[in-house]
Amino acid sequence: MEPDTEPRGTVTQREQSMVLNDVNMLYHIYATVPPIAQTLMMELQRKNHVEYLLRGLQQLGPSFCSLDANRPWICYWILHSMALLGEFVDADLEDRTIEFLSRCQDPNGGYGGGPGQMPHLATTYAAVNALISLGGEKSLPSINRSKVYTFLKCMKDPSGAFRMHDAGEIDVRACYTAISVASILNILDDELLQNVGNYILSCQTYEGGIAGEPGSEAHGGYTFCGLAAMILINEADRLDLAALIGWVVFRQGVEGGFQGRTNKLVDGCYSFWQGGVFALLRRFHSIIGESPTPVDQRGAECSIDNTQTTTASDVSEGDGSSDEISSQGDEHCHFQHREREPLFHSIALQRYLLLCSQDPRGGLRDKLRKPRDYYHTCYCLSGLSICQHSWLKDEDSSPLPRAVLGPYSNVLEPVHPVFNIVLDRYHEAHEFFSRS
Amino acid sequence: MHGRPRKPLKPEDAAASAAKAEKLRVLQSQFLHNHHNHIYSKEAVELSTKLLETNPELYTAWNYRKLAVQHKLTENDSDPDSLKSILDEELRVVESALRQNFKSYGAWHHRKWILSKGHSSIDNELRLLDKFQKADSRNFHAWNYRRFVAASMNRSEEDELKYTEDMICNNFSNYSAWHNRSLLLSNLLKRKVEGFVSKEKVLPDEYEFVHQAIFTDPDDQSGWFYHLWLLDQTVRVDSPQLVSSWPTPGSDLILLGDRCLDGCASSPFTRFHLDSRTFPLVLYFNQAVEGVNSSTITVDSELNTNKDLVWKPLSSCNSKAAQVWVTQLNLPDGNTHSSKVFPVEDSSPISSLYQLSIKNDNELTDFEWRAATIAKEIDHFRELLSLINCKIGKLTLARLLMAHDAMMCPPANKISHSEEVLELYNDLMRLDPTHVQYYKDQHSLVLLQQVTSNWESLLSRCFHYSNSPSNRGSPMCLQLKNLSLSRLGSFDKLLWVQMLDLSHNELRSIEGLEALQLLSCLNLSNNILGSFTALEPIRQLKSLRALNISYNEIGAHSIDTTKYLCSSPLSHSVGSEWNHGQTVIDDDIKSYWEAYFILKGLNLTQFDIVGNAIVNEKFKSFLIKVLPGLKWLDGEQLH
């Protein structure tokens, strides 16, 4: 580490500065073009994305041979992306997808990476989420829940953690996919969740994030998996959440996007893995500006700092009324305009996703100069949805325009952050699986 | 789950690629046929080799190979030569599969499996690792495998430490190498290997090492994170300590009337008003502890008629460990009107409480260098910051200063650094808008620490509310309003608080507030609490009688993700809590289960909730049902 004899910067730093140059150049272009071009650049190219996605579902292109052990994943990435865009697939495609995934279902339970392959936890998670993202009377009943349960039991290691597949590796991914599937199918029981928490706890590092296995370094994907699983088994507060937040907050870089690990390059997919952590902890708020807080009727008589009149007056009197605490002096009128920033910078992240991750021809990607793919399309869109829905005014309303970067037509469907399934489909599945 | 890197497809390659894919599909169906029919012939196994060398992702094929190896081994019964050649072939296939995709989970896992058969040599494995770690120095599969090899083949940790040093010197941005260094050093220190017996000897060199990286390029993250680990190693005291308790040590409690216990004028913070026949004893530790019970804690008290006090951990899940432990002491019958001194927490029980924080000599001698090290680091970074403007440097300095203050606690004539730290966080909020909310939270914590750091500062924020000022021992209200607090902390200093005003802040959660077991009045109005579940800590506040959550944002958010953080009918792991009491207000529970869940066990007499989106007539009538003791709702008396 002789600073004087080394060439300028490490390899890592040179790569980082290349990425930053790309990003800055694009942001600069954006800043200098006329407003109408800006609007266009910030627009989510829905039509192109849908076209790109449908192409993938109709015929998994030849370049996907390397993913042949991951076919249910492709189904999930595409179907979830479609659901986020508020699009439906036609009946024929729906039938074919259900039929295909049924052929991936192992006779002894669980789903493999393709027909005839061994069942695998990750592809089981993908298949179940894909079928839920499709929804409907054909899709949901096609899942053999009792067999899935048997499969999950077989994957359970005596230590409490889960294995990816028979004789496969044990890690936090396996724990999350198992618990997520069990939870949404309503087959989670004490036996399945026994000691899972201990394993995940052993994977939280001093950095604050969660690693794939004990001893490894904290990683965005595993941090999401670990936290989501801990939430599902109701043990999230066993984690050091303060440290976890401290770690994930600083994974958002100057580009606006998130990196997956300390000192790695930004990657669009971590918009969900890291951004989703904030959604899980419900610690974010979009910038909302002036909140329309109703002013109290008694507001006129208020004083901001009147120490003699606060909530309670007396609890110590011996007579019968001592338990009643008068609230006459209660003051509600200190009206503040609160600018609330999110714990992560939601607008900066949306800017990165729309300008850098979005391929205007359709599909989304890791970063500039990288090819689009279905994995990144799915997780970039999921991250975008998380940003947009970080603050909602009331039950039925859509996100505030200020929470959404670009034209308002960019708004995506909200997701259930634990499972990463569009909220409507989650409710449908939840109702369906609690009935039976 | 992450997509493996794939080469971008050029149009001219498309035809060739399609042909290749077709060929692969044929191979794959042949392979599946072999697998399902347990065919392990030479040709069949070679076919799986071909397949895996093209697509290492085919985990089914890796399992098939394991079965094939078992099969061959039973056939060639204990012939060492054939064993060697069989396993060598597996090693070769893994290596060429990794060349195709070095992030393949299946390939790395298969290699571990081969090694578990007692094959290969450490040199061979290190050679392989070297190759892949050079190609991608952050590949976590390779680092995991490296740790596995080092552990299972007994490579010395000192050698591995040297390896991380080389990697770091080659590229000090390589955080994976720093991370592995922290693991190795932790182990060496824990095992007290020669040369690593004391932190005092080891850590200074590490500080110097990391300074080189940080000072060479302060904008590089890797060194800073390692520095954070070093800081943690420096300040961490392994054994749990009792930080504070209520009543405070050495104070007598006096039962003044039938409703008031008063501290013996020694401190205003031991006055206590109670409206039931029990009062709590609270212990606050610096970390979650287990096993607090009547045999580990001795309480001497005239009041303590039932000798075996039941200590309960305060935790929202059913965990056995908690930072805060509580027990209830019963008041005897009679004696209701005479003043009488009950030395509940005399010196003797307190000393037994303190036995928990065993300070061994080692830690005491350690203190000197810990403090000196932190002081030295503070100087270093002040110097760095005087030269350049560096965000992460400011953050580190803020953390160092807080660590310094915490170590000097109680601040015996030492000047606290909180002003400087607050200024640093203010700076950071301006410099680094991306992380502003995090800095804001930290700012809140420091501010609370400052406010609670001494009695004078606390007293200046305490006020009496009473219709009759002469009323002996009227309760004091601690006002922490209008401080822009976005997060709460310093609960150890607030255990005595019975009335707390947190209004006009920016609180989204009240995590940790359950420690304030004496709370009877709590004002949270004009914050930004988004849901009832954000109030979960108050479920544990059994003395709470008046609660004001008016003008928050409860009901304003359609996706309430906090609900997954607390038990609910939606979370499948809880059930028992929901089985009783449902018949009473069954319909309302469906719409207001969060409110029901939070308020159910409380005995509130006054409740203010006006100014939240959730409030309407239906909700108010629900509240009256779920809180039968309620006398005031939003300032109106109920009949």
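A note on names: the letters A, B, ... follow the listed sequences, proteins ahead of strands, and every chain is numbered from 1. Atoms considered below: every heavy atom in the structure, side chains included; atoms not considered: hydrogens, waters and symmetry mates.
- Inspection of the H376(A) and D373(A) side chains reveals an N or O donor paired with an N or O acceptor under 3.5 Å.
- Comparing A348(A), G168(A), A242(A), A218(A) by heavy-atom pairs within less than 4.5 Å of chain B, the highest count is held by G168(A).
- Contact of L32(B) with chain A is made through the side chain alone, with heavy-atom distances under 4.5 Å.
- Contact annotation for L395(B): only side-chain heavy atoms (C-beta onward) come within less than 4.5 Å of a heavy atom of chain A.
- Of the N and O atoms on the side chains of T262(A) and E207(A), at least one donor lies less than 3.5 Å from an acceptor on the other residue.
- Take D232(B) and apply the side-chain hydrogen bond (donor to acceptor under 3.5 Å, both in side chains) test, not counting sequence neighbours, and it matches R236(B).
- Chain A forms the most heavy-atom pairs under 4.5 Å with one residue out of K112(B), H35(B), R138(B), and that residue is R138(B).
- For the options N63(B), D432(B), L183(B), heavy-atom pairs under 4.5 Å to chain A are most numerous at N63(B).
- Of the atoms belonging to D166(A), heavy atoms from both backbone and side chain fall under 4.5 Å from chain B.
- Using a 4.5 Å cut-off between heavy atoms, K264(A) touches chain B through backbone and side chain atoms alike.
- Most heavy-atom pairs under 4.5 Å with chain B: of the set G116(A), S216(A), A167(A), this distinction falls to S216(A).
- Shown here are the side-chain hydrogen bond (donor to acceptor under 3.5 Å, both in side chains) partners of N263(A), two or more places apart in sequence or in another chain: D220(B), S222(B).
- Contact count against chain B (heavy-atom pairs under 4.5 Å) is highest for R261(A) among Q252(A), K370(A), R261(A).
- F225(B) and F250(A) have their aromatic ring centers separated by at least 6.0 angstrom.
- Of the atoms belonging to E169(A), heavy atoms from both backbone and side chain fall under 4.5 Å from chain B.
- Under the 3.5 Å distance criterion, with hydrogens and angles disregarded, no donor-acceptor pair is assigned to the side chains of D608(B) and S550(B).
- In this model, a donor atom of one side chain and an acceptor atom of the other lie less than 3.5 Å apart for Y176(A) and Y125(A).
- Of the atoms belonging to Y439(B), it is side-chain heavy atoms, and not backbone ones, that fall under 4.5 Å from chain A.
- Residues Y379(A) and W273(A) place their aromatic rings such that the two centres sit under 6.0 Å apart.
- Using a 4.5 Å cut-off between heavy atoms, E15(A) does not touch chain B at all.
- For a residue to count as touching a neighbouring chain, one of its non-hydrogen atoms must lie under 4.5 Å from one of that chain's; by this rule S182(B) touches chain A with the side chain only.
- A donor-acceptor contact under 3.5 angstrom links the side chains of E217(A) and S176(B), judged on distance only.
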